[in-house]
Amino acid sequence: MSSILLAAASVPVTPVWSPTVGIIISASSAVVLLFTFALKSAKVGLGMPVLPVSVPGFIGAMAFGHVIGIGIVLGLTNIGRL
């Protein structure tokens, strides 16, 4: 049997999109954005119009926040809490 088929057979069921999933991912993105203020080079590059961070810092924070949020959602789904 192919290793791809074995890997596909062990993937858990992912949750259906719901407001709870959106809230978890949004909250994770907001928390990581707050952590960008602690970075040494958070203000290097073109600045955001409203936020005191740069565009690259903002994009990086949002990307990392989504990764953290997706991990939280999949983890909670795996243990049966979501």
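The shown structure was predicted, so the numbers you read here are calculated from the model rather than taken from an experiment.
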Enquirer: When rounded to the nearest 0.5 angstrom, what is the spacing between CG in L34 and OG in S29?
Expert: 11.0 Å

Enquirer: State yes or no: do V21 and L74 share one hydrophobic cluster built from I, L, V, M, F, W and Y residues joined by side-chain heavy-atom distances below 4.5 Å, directly or via other members?
Expert: yes

Enquirer: Do V67 and I70 land in one hydrophobic cluster if side-chain heavy atoms of ILVMFWY residues count as linked below 4.5 Å?
Expert: no

Enquirer: In terms of hydrophobic clustering (I, L, V, M, F, W, Y; side-chain heavy atoms under 4.5 Å; direct or indirect links), are L46 and F58 co-clustered?
Expert: yes

Enquirer: L76 vs I79, test: side chain to side chain contact (heavy atoms under 4.5 Å, CB included). Steps then yes/no.
Expert: CA-CA 5 Å; L76 288 174; I79 63 172; 4.3 Å; yes

Enquirer: Output the distance between atom CD1 (I25) and atom CD1 (I68), rounded to the nearest 0.5 Å.
Expert: 11.5 Å

Enquirer: Ignoring hydrogens and geometry beyond distance, is a side-chain donor-acceptor pair present between H66 and S28 at under 3.5 Å?
Expert: no

Enquirer: For the residue pair A61 and V32, what are the closest heavy atoms and their distance?
Expert: O-CG1, 3.3 Å

Enquirer: Quick one: closest heavy-atom pair of T77 and P15, and the distance?
Expert: OG1-CG, 3.3 Å

Enquirer: Using every non-hydrogen atom in the two residues, find where I24 and V73 come nearest and quote the distance to one decimal.
Expert: CG2-CG2, 3.8 Å

